[in-house]
Structures are given as C-alpha cells and as structure tokens.
Amino acid sequence: MSENLISVNNVSVNFDYQENFLSKKQKIHAVNNINIKIKKGSFFGLVGESGSGKTTLGRAILGANKISSGNVIFHDDNRDFDLTNINKQEFKEYRKKAQLIFQDPYAALSPRMTVRDIIAEPLEVMKITNSREETDDRVRDIAAKCRLNLEHLRRFPHAFSGGQRQRISIARALVSNPKFIVADESVAALDVSIQADILNLLKQLQNELNLTYLFISHDLSVVAHVCDIVAVMYLGHIVEMAPSRQLFRNPKHSYTKALLSSIPSIDPENQSQAIELKGEIPSALNPPSGCVFRTRCPNPTHDCKEGNIAMGLIEVEPDHWVDQCCVNCN
Amino acid sequence: MSHLLEVKNLDVKFDTDEGRITAVENISLSVDEGEVLGIVGESGSGKSVTAKAIMQLNPGNTKYNENAEIILDNENVLRFTSKQDLKKIRGGKVSMIFQEPMASFAPAIKIGNQMVEQLLIHKNIDKSEAKSISINMLNRVGIADAEKRFNQYAFELSGGMRQRAMIAMALSTMPKLLLADEPTTALDVTIQAQVINLIKDIIKEYQMGVIFITHDLGVIAQVANQVAVMYLGSIVEKGPVNKILKNPKHPYTKGLLEALPDVNNLDAPLRPIPGNIPSPLDRPTGCVFRTRCPNPTHDCKEGNIEMGLIEVEPGHWVDQCCINCG
Ligand SMILES: Nc1ncnc2c1ncn2[C@@H]1O[C@H](COP(=O)(O)OP(=O)(O)OP(=O)(O)O)[C@@H](O)[C@H]1O
Ligand SMILES: Nc1ncnc2c1ncn2[C@@H]1O[C@H](COP(=O)(O)OP(=O)(O)OP(=O)(O)O)[C@@H](O)[C@H]1O
Ligand code: SF4
Ligand code: SF4
Ligand SMILES: [Mg+2]
Ligand SMILES: [Mg+2]
C-alpha cells in the first residue's frame, strides 16, 4: 500500500511565449520544481488557483507535455518507466497504463461515433485486442462496470445526459486496463447529484480495478471527500501538501487558509467569511521572487515581502508539508 | 407593483432528427428590481434554454408556445421581431454572462474594442466616454492594469480573468436585467468569492434584477434571494432561498441537498439521487420526477397526476402532486 506508483522529481515545465514575432521570446513558468510521490492505490488531489499549473502537471505526468527539467518515474510491478528517457515502444506501453478522463464530456466525445466505438477506440488504436469479439467483450465488460446499459452502446452520445456521457468517458479511459488515471475537473460541469454518483463510481472502480488517481478539481468539498492526500498549487508551485483531513483541519499556508475560507456556505444566513485576496494573480511570465504568494498574502512578514526568501517544502508534521517561508510567519 | 421580468407558461421545444424535444414545459417565474433569482437543477434540465429565451437567442429549430409570455418592462419580448426591439433585449435592457467565456469574445478583436463597440450600439455616448466606462468597469471587477488589459485579446487572459472581463462587459451597459449562466463555475473559490461580492455590490448600487444559474448550492445560498429548482424542463419548487435550502418540500430538491458533499462531515457517504434522468424525447407523463422518486405514491407512479405549482407557505411554491406524497 505504501509503495509509490509515481515519483515526480524536480519537475519544471516552461512554455515559450512571444508577444508578436518581433518581440523577444519569454518563458512561461507553468510548473516549477515540483516533487511529489503518488502512492499505489491512492486518490491524490490537486487544487489551487486557476492558471496555477494543475493541468500542465497532470499532462506532464501522462507524457502529453514536454518536461523542461526534472523527471517523472512510473514504477510498474517489475520495471520503471522514466518519462524523460523513454523510447517510442516503451511510451506506447506506458500509455496503456496511464490515462486521462476528460474535463468536458460534451466536447470530448465524437458525435458521429456510437458509444461502442467511442469506448473501443483506445483498444483499436493501441492494438490491444486481436479480434472484434475480444474488443466487444472488453467494451461490454467495462460498460457494465461503469453502469451503462448494453442497449446504450448502439446509440450516439448526444442522446445522453451529462452524467451518462461522463460515464462513457470513464469507460473509454478504463478500457485499456490502466493503473493510473488523471481526472481533470471530471465532475465540474455536473450537478451535485450526478457528481456524487460519478465520485462513488470512481471510488468503487478504484477498489475493483486497483487504480491510482490524480484528481484535479476546483471543488474543495469534493476533494475533501474523495482524496487521501491533497497538494495545493499556486503559480506553478506546490505551497502545501498533506493528508486531506489534516489539510482541512489545520491548514498552514496563507494561501491554503484563504482558499478554505472561500468555500461558500450552504446556509444563507451564514454569509461569506472569506479571507479576501486583493490584487491580481501575478503573471507566470514574471513570477514574484521569493514566496510566490507574497504579492497577495494578507499578512506578509517584512522578510517575505522583500522577496528574499527561498521556497521549498518542509515537513512540519508527519506527511504534512508546507513551504518553508510560511512556517514561521503568521 | 409589476415585476421587472415575468415569464408565464413558457414551453420551449426543439425540432430535431429524432423528433420534437421538450426542453422546457410550462414554466412561470418572475424577477423584481434588485433581486437575484437563482436557478438550480440537473444538467439538461433547461436552465440555459430558459435564459436564452429571454434574449431570443435560441436557434431556428426552436418552437415557443402561442400562449407563452415573457414580459420585460411591460412588453412581451416573444413578440419582438424588429432589429430595434431585439437590440433592447440583447445588450440594452438585458445582458448575459455566458457559460463559456471564450464564446462571447470574438477571438480577433481586442477586449476593449468589443466593450466600446457594445456601448456605442446601446448608449448615446461617444468613443472616449465609452472607453472610460469600460476601463472603469474592468477595474471594478478586480482586473489590475485595466488600461493594458483593454488592449489585449481574450486568449491572452487566464480563465479567471477572462470570466471577469466578460462580467465587466455584461455590466458596462448597466442592463436592467442580468442573466448570469454559471458565471463562477470555471473559477477557483477565492476568485469566485470576489465575483460574488462584486455582483452583490452592483445589484445594490443599480437595482439590477439578476437570474443566476448555477449547479453550486453554496453559491446560491450566498447570492440568491429567490430560488427556482428545475428538473427535466419543469420548475418543481420555487421560493425564498431560506425556505428552499432549509425547508425543501419536493423530493428532488431534498435529493439535491442530500447529495451535497459536506466539508464538516467527511465520513458521510455521498448520496446521489438513484436512477437516471429520462431522455427529453421521452418525458414521463404526470410528475416528471416519478421515475426516480424514492417514495412515489400509487397515483403519481401511474403518471395520472397533473403538474402545477401551488403555494404551501407565503412565497413558497411546490408542485401540487408532491405536497401530500413524499
Ligand atoms: N500550451 C500552452 N502554451 C502556453 N502557455 C500555456 C500552455 N498551457 C498552459 N499554459 C500556461 O501555463 C499556466 C498554467 O496553466 P494550466 O492550464 O496548467 O493551469 P490550471 O491550474 O490547470 O488552471 P485552471 O484551473 O484554470 O484549469 C498558465 O499561465 C497558462 O496560461
Ligand atoms: N438547439 C437545440 N436543439 C435540440 N436540443 C437542444 C438544443 N438546445 C438545448 N437542447 C436540449 O434542451 C435541454 C435543455 O438544455 P439546457 O442547455 O437548457 O440545459 P441546462 O439546464 O442549461 O444544462 P447544463 O447544466 O448542463 O448547462 C437538453 O436536453 C438539451 O440537450
Ligand atoms: S512566506 Fe510570507 S508572503 Fe509568503 S505566504 Fe507566507 S507569510 Fe505570506
Ligand atoms: S408527485 Fe409523486 S413521484 Fe412526483 S415527486 Fe412527488 S411523490 Fe415523487
Ligand atoms: Mg486546468
Ligand atoms: Mg446550461
């Protein structure tokens, strides 16, 4: 249980940016020197500011984004895949083991393909099955696990509701029998009831199929419920990481505190107690020196305001990591 | 006092290859000045279609019923056909914040130019005045460097910034009615809190009426005065936000509230409403919720009950079939 499935070591991802063809090339620091270990069988949550690099990190782990420095290692049962040092053949192998559930079930499914063909496509593209019968068997098997009816397989996706479409995308992601799934805002577009249904399904499949998830979400109450461990990102950095209960009970970093205080209460008489963050999110083209949060921190100490503090996570309690600059302030 | 907006007996149907889809059936609602009506409900329940009907933005295959009325400022907008009239509901008296911000900015035109152009169409002002109103509005939605952003394209802004720019554009014409379709779903909670406060301030300041569509019941609790709960094209319950969230009557509303993950009780299992939403091509007769209702009585199960809201306490309306059952 405590074995790692994925090690992300000092990973940075930069994008080139040029305002127009005359101006000079700049770098967008989308993901900065990230270190995480994802344990086998865990539900690892990634939350944080929009534009903080969550999707970019998820895609880097899947090998869908170039890694600018550092490396990602996938520890399979009897071998390791090093994503920064992998040949084409190995990468094909890897893609069977690591899959993405798309954010938007409406946009992700091709309207001209039947549900059967949508789910079968990865098997055919990756040449996993050898005959039509075998493909059909696998499709039927995973469809049933995702609670789709067999009669649904002949229909086109537009005949389905949001929740059903999301189950189709999950079936498609799972049909190649992966071990690792990146779910990027997979329940964001769904109403609370369908959301609860999909989350229960993901949990159940985790047990049945021995899956490990990287779960990216804006919705902190959802993350608190399903994730074992949560990392909080701000402007390309992980600023805090802890087991979910620990993080929600005892947040340490000023950004995490602001984030948790902003969850809207369901009680109309309990009006917002949100710690308001002033000012604009700094640009990833030109991140602040020192603590990345210092331009918006409600209580910066003198030192961190000057930007002469180095970032880096330290372990303040077992498994609870906080950016070092923020441990002694506040 | 007459309402700012009153929708009466509205049906919205779409003609498709597979037949006629009933997206909205016989809904009635109203919004007063300075009031926020929240609309919640299952995905596909007809929330966006309802908002678009108010601006006549549904596509050509849309069929409205003859006796439907959408009265805005004493005029039935469903009868509007002339350009002049349509202008009133598309950016004049009514503005909309769309579910997808990228869709409402033209990719090749700078944000500022789009804002200015829109103001020139709807207000009797000159260019420099329009520019100063736009920049002022960008500032108000919390966009730093508004002068610089004014000269940028939508794709150059982060998701959250783009969303706020769209809110600024929708508010800049000072509409009487604002239609906000999932305006905060793409935002993280800190920015969401900022946007909610902004919308509340502006409503107070200008006495705007707002329809606020969202999946998020927490957001509803924070912004709405009134709430309408939709299921499969029908409003099954509506009333003051307090009553709906604290004393829900309809089994669907109760189910939504029970499905909500509670941050204060992480051990509680997540409880979805069992079953699937029927296809809009094949709406159940009688009570629309009967195929998934946890406790249908004999009568409503058979589908021979008529739907229709009745008032169970002042201002709190529930589908009639559901008052004695459930
Ligand atoms: N292909 C790309 N080219 C250039 N910049 C990019 C690209 N993809 C992402 N970025 C930039 O990298 C940063 C991180 O973006 P990313 O999409 O990972 O954020 P996110 O945390 O997933 O945000 P959200 O919550 O809004 O989805 C942003 O500044 C974004 O503009
Ligand atoms: N132009 C159209 N042609 C055919 N059907 C349509 C059209 N527009 C909407 N519909 C259907 O009408 C119903 C209501 O759609 P609507 O977009 O209003 O849902 P919604 O409540 O806004 O859902 P969501 O929460 O997912 O945004 C859906 O079943 C949808 O598929
Ligand atoms: S290091 Fe300073 S500026 Fe950064 S979050 Fe902590 S207190 Fe705020
Ligand atoms: S009328 Fe009957 S089926 Fe419909 S919600 Fe009420 S109890 Fe359930
Ligand atoms: Mg993202
Ligand atoms: Mg909608």
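In the text below, chain A, chain B and the rest are named by the order of the sequence lines, each starting its count at 1. Bear in mind the structure is a predicted one, so any value in this text is a computation, not a measurement.
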Note to self: Give me the atom names and distance for the closest heavy-atom approach of B/Thr190 to A/Glu49.
What the structure shows: OG1-OE1, 4.0 Å

Which region of [X], side chain (C-beta onward) or backbone (N, CA, C, O), has a non-hydrogen atom less than 4.5 Å from a non-hydrogen atom of chain A, or is it both or neither?
| X | result |
| --- | --- |
| B/Leu257 | side chain |
| B/Leu245 | side chain |
| B/Ile196 | neither |
| B/Glu42 | both |

Next item on the list: Identify the residues of residues 259-270 of chain B whose heavy atoms come closer than 4.5 Å to a heavy atom of chain A, ordered by number, or report 'none'.
Entry: B/Ala259, B/Leu260, B/Pro261, B/Asp262, B/Val263, B/Asn265, B/Leu266, B/Asp267, B/Ala268, B/Leu270

Notebook entry, point to check: At a heavy-atom separation under 4.5 Å, does A/Ile194 approach chain B through its side chain, its backbone, both, or neither?
Noted result: side chain

Item checked: Short side-chain to backbone donor-acceptor contact, B/Asp188 and A/Ser50, under 3.5 Å -> yes

Note to self: I need the residue from A/Gly48, A/Ser265, A/Ser244, A/Ala224 with the largest number of non-hydrogen atom pairs under 4.5 Å to chain B.
What the structure shows: A/Ser265

Check: Under a 4.5 Å heavy-atom cutoff, which of A/Ile263, A/Asp267, A/Val223, A/Leu199 has the most pairs with chain B?
Finding: A/Asp267

Notebook entry, point to check: Does a sphere of radius 6.0 Å around CD in B/Glu147 hold more than 12 heavy atoms from other residues, nucleotides or ligands, not counting ones at 6.0 Å or beyond?
Noted result: no

Margin query: Between A/His218 and B/Gln192, is there a side-chain heavy-atom distance shorter than 4.5 Å?
Written below: no

Check: So, do B/Ile277 and A/Gln164 sit near enough that their side-chain heavy atoms are less than 4.5 Å apart?
Finding: no

Next item on the list: Can you spot which of B/Glu258, B/Arg292, B/Arg271 makes a side chain to side chain contact (heavy atoms under 4.5 Å, CB included) with A/Ser193?
Entry: B/Arg292

